[in-house]
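Everything below concerns the one structure shown next.
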Amino acid sequence: ILNVEQSPQSLHVQEGDSTNFTCSFPSSNFYALHWYRWETAKSPEALFVMTLNGDEKKKGRISATLNTKEGYSYLYIKGSQPEDSATYLCALGSGNTGKLIFGQGTTLQVKP
Amino acid sequence: EAQVTQNPRYLITVTGKKLTVTCSQNMNHEYMSWYRQDPGLGLRQIYYSMNVEVTDKGDVPEGYKVSRKEKRNFPLILESPSPNQTSLYFCASSLTRLGTQYFGPGTRLLVL
């Protein structure tokens with residue numbers, strides 16, 4: 001059974017702080033690694049999909065890196081703002097199963 | 001507007017009373033999935049479909065059925081709902097296998 005772990009489970013930071021989260025996954029049969037942003041009472045929205053070892057993606061103040069050999073991805077938020085408060089989900093796509101396995105998420109709270 | 005729609009958005013029912021949650025997408029996506037979200041467990045895939053008449057089990061398929069008779073629709077059927085199926089359900093579609101998931105607004109189900 002594939003297991004995707006995210007840490008920390010929750011995080012409280014002050015406005016302006018930079019922060020990062022980790023997504024760990026088994027590196028065998030890797031196909032794709034997704035990051036989603038999920039605000040309360042809304043649906044998850046895609047941030048990044050990464051497929052290649054060493055991939056780095058950026059959207060505004062948010063960026064992500066991928067290491068498929070050691071099985072981890074980092075999500076970075078530079079200069080956190082209150083509107084960044086959300087749960088950040090990563091998901092592993094396994095080429096073997098065709099399934100998408102989600103981690104439990106990291107909930108970020110940014111205080112003004 | 002490109003979107004995934006789900007109906008109903010909220011549903012309260014009783015144990016054993018068959019129900020269907022509809023899902024429709026207007027993006028001509030090949031792939032569609034159903035997920036459930038429970039506190040502390042993250043998003044778990046129930047079923048997914050690769051094309052019309054092609055479906056496969058996700059991680060938690062017990063107690064659910066799906067059908068894909070048309071490309072745009074992917075209904076989730078609970079033949080005999082039980083209280084442990086009380087959850088928040090999301091339908092999603094993607095253009096490619098394991099590609100970016102576009103989520104519907106969610107259906108909150110309470111089974112008494």
Side-chain angles (χ1 to χ4, degrees), chain A residues 1-10 21-26 28-52 55 57 59 64 66 68 73 86-107, chain B residues 1-7 9-10 21 23-25 27 29-51 54-61 66 68 74 87-108:
Chain A
I1 296 177
L2 294 175
N3 200 27
V4 177
E5 305 270 353
Q6 289 188 247
S7 62
Q9 194 171 340
S10 65
F21 329 131
T22 304
C23 175
S24 302
F25 53 86
S28 59
N29 297 312
F30 174 87
Y31 187 90
L33 193 285
H34 296 212
W35 281 100
Y36 293 86
R37 182 170 177 273
W38 189 6
E39 291 181 73
T40 304
K42 293 187 177 180
S43 307
E45 288 184 348
L47 288 172
F48 308 113
V49 177
M50 296 183 287
T51 57
L52 298 175
D55 250 355
K57 300 249 178 166
K59 185 184 283 190
L66 176 66
T68 60
S73 176
T87 295
Y88 292 83
L89 300 168
C90 72
L92 172 69
S94 165
N96 215 27
T97 66
K99 297 178 187 176
L100 204 57
I101 308 294
F102 280 80
Q104 293 183 17
T106 293
T107 299
Chain B
E1 182 193 351
Q3 59 182 349
V4 179
T5 57
Q6 292 178 229
N7 282 293
R9 295 289 311 280
Y10 304 92
V21 184
C23 173
S24 184
Q25 50 94 5
M27 295 172 277
H29 285 172
E30 301 277 339
Y31 298 87
M32 298 184 75
S33 293
W34 275 103
Y35 298 89
R36 60 178 289 175
Q37 195 275 327
D38 301 292
L41 294 177
L43 280 168
R44 293 180 293 167
Q45 197 173 40
I46 302 171
Y47 268 96
Y48 62 100
S49 169
M50 293 74 81
N51 210 329
V54 183
T55 63
D56 204 354
K57 296 177 182 178
D59 285 328
V60 288
V66 292
R68 187 96 181 270
F74 190 43
S87 189
L88 176 59
Y89 291 87
F90 285 103
C91 179
S93 72
S94 61
L95 184 61
T96 59
R97 184 174 76 94
L98 300 174
T100 299
Q101 303 285 294
Y102 293 87
F103 286 88
T107 294
R108 193 167 288 279

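Within every chain, numbering begins at 1; the chains are lettered A, B, ... in the order of the sequence lines, protein sequences first and strands thereafter. This one's a predicted model, so the numbers in the text were calculated from it and none came from an experiment.
- Here the two rings, on A:Trp38 and A:Phe102, have centers that are 6.0 Å apart or farther.
- A donor-acceptor contact closer than 3.5 angstrom is absent between the side chains of B:Gln101 and A:Tyr36.
- Between chain A and the options B:Gly99, B:Ala92, B:Gly106, heavy-atom pairs under 4.5 Å are most frequent for B:Gly99.
- Listed options A:Ala46, A:Pro44, A:Ala32 were ranked by heavy-atom pairs under 4.5 angstrom with chain B; first place goes to A:Pro44.
- At a 4.5 Å heavy-atom cutoff, the contact between B:Leu41 and chain A is made by backbone atoms alone.
- The environment of CD in B:Gln3 is crowded: more than 12 heavy-atom neighbours from other residues, nucleotides or ligands sit within 6.0 Å.
- Once rounded to the nearest 0.5 Å, the distance linking CE of B:Met27 with OH of B:Tyr102 reads 7.0 Å.
- Heavy-atom distances place no part of A:Phe48 under 4.5 Å from chain B, backbone and side chain included.
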